[in-house]
Amino acid sequence: MNTLSNLAHRDIETVIHPFTNLSAHRNVGPLVIEEARGIYIYDNEGKEYIEGMSGLWCSSLGYGNSELVEVAAEQMQKLSFTHLFGHKTHDSAIALSEKLKELVPCDASKVLFCGSGSEANDMQVKLTWYYNNARGKPEKKKIIARIDGYHGVSVAAGSLTGLPPVHAEFDLPIDNILHTSSPHYYHHARDGETEAEFTDRLVDDLEELINREGAETIAAFIAEPVLGAGGVVPPPEGYFPKISALLRKYDIRMISDEVICGFGRTGNWFGAQTHDYLPDSVSMAKAITSAYFPLGAITIEEDMYQAMLVQSEKLGGFAHGFTYTGHPVGTAVALKTLEIYERDGIIAHAAEMSKIFKSRLDALADHELVGDVRYSGMVGAIELVADKKTRRAFDPKQLVGMNMVSNAQNHGLISRAMGDAVSLCPPLTIKEDELNELFDRYEKALNETTQHVTKQGLRAAI
Ligand SMILES: Cc1ncc(COP(=O)(O)O)c(C=O)c1O
């Protein structure tokens with residue numbers, strides 16, 4: 001047995017893989033990743049791949065960044081752990097909170113740390129409830145998320161997620177979570193409807209939901225600036241300014257889930273800046289440490305903080321927090337990550353590279369298999385369709401998107417299929433020649449998928 005099959009066998013018999021068909025995994029086996037440098041990852045047979053997805057939309061500074069490695073090692077030597085419970089603190093938690101308050105696109109009073117994006121959104125749900133209890137509005141508890149949104153998988157965050165597979169058989173969503181219309185123009189626009197008209201319809205849908213449920217029962221609205229796992233979908237024209245005005249009218253807290261878009265992905269520090277709105281709070285994770293250490297965070301606005309003070313006095317304390325809330329290695333790595341973003345002009349570099357990203361994606365718009373091309377900054381996707389004219393999708397069972405991802409993998413490119421939307425989200429540090437190489441591989445994969453579709457007759461209507 002060679003190393004791969006030995007590892008594959010051990011993996012199959014011991015490891016549960018998230019978002020994987022566990023039954024297919026028994027036959028397919030794992031891709032064993034062994035090391036990584038810059039924008040490249042290497043498997044245990046030495047094959048090189050461009051990490052076109054930054055892992056899971058997170059490794060924005062690429063791999064093997066020695067400054068981040070050193071800061072983590074130094075912090076582990078100096079103080080591998082301390083927590084923030086019961087009045088304790090440490091310098092990098094304070095400095096990181098100060099820095100985040102400066103950067104976020106909202107009026108943040110305080111920062112509350114956690115370990116992941118799901119935990120961040122879970123805390124948003126809990127704190128919204130806690131806040132409305134404190135201000136004497138115990139009936140104001142429902143939280144509106146969107147169909148096609150992704151906010152994580154834990155019980156509350158998974159409920160916010162608006163993708164059916166995340167709910168199915170897990171008994172989700174829980175009570176008090178509602179979903180409004182998806183902002184996916186390509187999928188949901190009516191014949192002849194302009195983007196602006198589509199936006200107006202979504203705003204009407206939201207207002208109708210609020211009125212149907214009673215505004216006095218609606219506490220918060222959560223949205224990703226750009227739908228990520230829902231297929232990389234930037235908002236339709238004028239969407240967020242109109243949605244935020246509606247939320248203000250009904251005293252509904254607006255949460256921007258910046259877990260993917262935060263820290264430069266869309267060409268500005270936060271997606272809310274690119275897509276023109278001012279949330280009450282943001283959820284962050286992933287690129288906050290460029291995925292060198294698990295860390296998440298949310299911002300707390302002043303009136304919520306005041307309510308938390310009242311609750312603390314009444315209840316004897318703020319009874320929430322994780323062992324790893326503000327883990328010192330995570331906060332030290334995050335501080336260094338933010339320093340690198342600023343010092344090395346990473347956000348401006350990403351904005352510059354996004355011009356190439358955009359033009360290479362736009363060039364695929366006329367391709368016979370490509371129904372739609374979508375992007376915001378350095379995150380984008382093409383959507384493969386059976387009929388370009390009518391937007392008819394392939395039968396999901398034909399796994400056309402997966403076929404392209406697998407062709408790309410053969411050519412040394414990691415991409416990701418969400419249905420038949422095949423996405424890219426490369427490290428923000430990617431250079432011009434690397435980005436062009438990435439697209440050359442992506443195009444090869446697309447052309448092979450076109451041949452596959454033709455050969456197998458997959459475009460026939462079902
Ligand atoms: C927008 C968004 N929010 C939340 C999450 C959940 O983050 P995590 O996987 O760290 O729990 C994700 C993960 O991809 C995400 O894309």
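Counting starts at 1 for both ligands and their atoms, in listed order.
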Undergrad: Mark up the atoms of ligand 1 that fall under 4.0 Å of a heavy atom belonging to Glu224, in ascending order.
TA: 1 (C)
Undergrad: Taking only heavy atoms of Ile260, which atoms of ligand 1 are found under 4.0 Å from at least one of them?
TA: 16 (O)
Undergrad: Run the numbers for me: atoms of ligand 1, each under 4.0 Å from some heavy atom of Ser116, listed by number.
TA: 10 (O), 11 (O)
Undergrad: Measure from NZ or CZ of Lys110 to the centre of the six-membered ring of Tyr305, then state whether that distance is under 6.0 Å and the direction lies within 45° of the axis.
TA: yes
Undergrad: How far is atom 15 (C) of ligand 1 from its nearest protein heavy atom, and which residue and atom is that?
TA: Tyr150 CD2, 3.6 Å
Undergrad: Flag the pair Lys101 and Glu98 as a salt bridge only when some basic side-chain nitrogen lies within less than 4.0 angstrom of an acidic carboxylate oxygen.
TA: no
Undergrad: Quick one: look at Ser118 and ligand 1, take heavy-atom pairs under 4.0 Å, and tell me if it's side chain, backbone, both or neither.
TA: both
Undergrad: Any idea which protein heavy atom is nearest atom 7 (O) of ligand 1, and the distance to it?
TA: Gly117 CA, 3.2 Å
Undergrad: I need the minimum non-hydrogen distance between Val166 and Gly152, along with the two atoms involved.
TA: CG1-O, 4.1 Å
Undergrad: If you draw a 6.0 Å radius around CZ in Phe170, do more than 12 non-hydrogen atoms from other residues or ligands fall strictly inside?
TA: no
Undergrad: Would you mind telling me if ligand 1 is within reach of the side chain of Lys286, the backbone, both or neither, using heavy atoms under 4.0 Å?
TA: side chain
Undergrad: Who pairs with Glu119 by side chain to side chain contact (heavy atoms under 4.5 Å, CB included), at least two apart in sequence or on another chain?
TA: Cys114, Ser116, Phe322
Undergrad: Tell me, please: is Leu56 in heavy-atom contact with ligand 1, that is, under 4.0 Å?
TA: no
Undergrad: Quick check on contacts: which atoms of ligand 1 are under 4.0 angstrom from a heavy atom of Asn121?
TA: 3 (N), 4 (C)
Undergrad: Could you check whether Lys47 pairs with Asp43 (Lys NZ or Arg NE/NH1/NH2 to Asp/Glu carboxylate O, under 4.0 Å)?
TA: no
Undergrad: Decide, yes or no, whether a salt bridge links Glu443 with Arg360 under the criterion of side-chain N to carboxylate O below 4.0 Å.
TA: yes
Undergrad: Indicate yes or no: at least one non-hydrogen side-chain atom of Asp420 is less than 4.5 angstrom from one of Val385.
TA: no
Undergrad: Got the closest protein heavy atom to atom 3 (N) of ligand 1, with its distance?
TA: Asp257 OD2, 2.7 Å
Undergrad: Just to be sure I read this right, does ligand 1 sit under 4.0 Å from the backbone of His151, its side chain, both, or neither, counting only heavy atoms?
TA: backbone
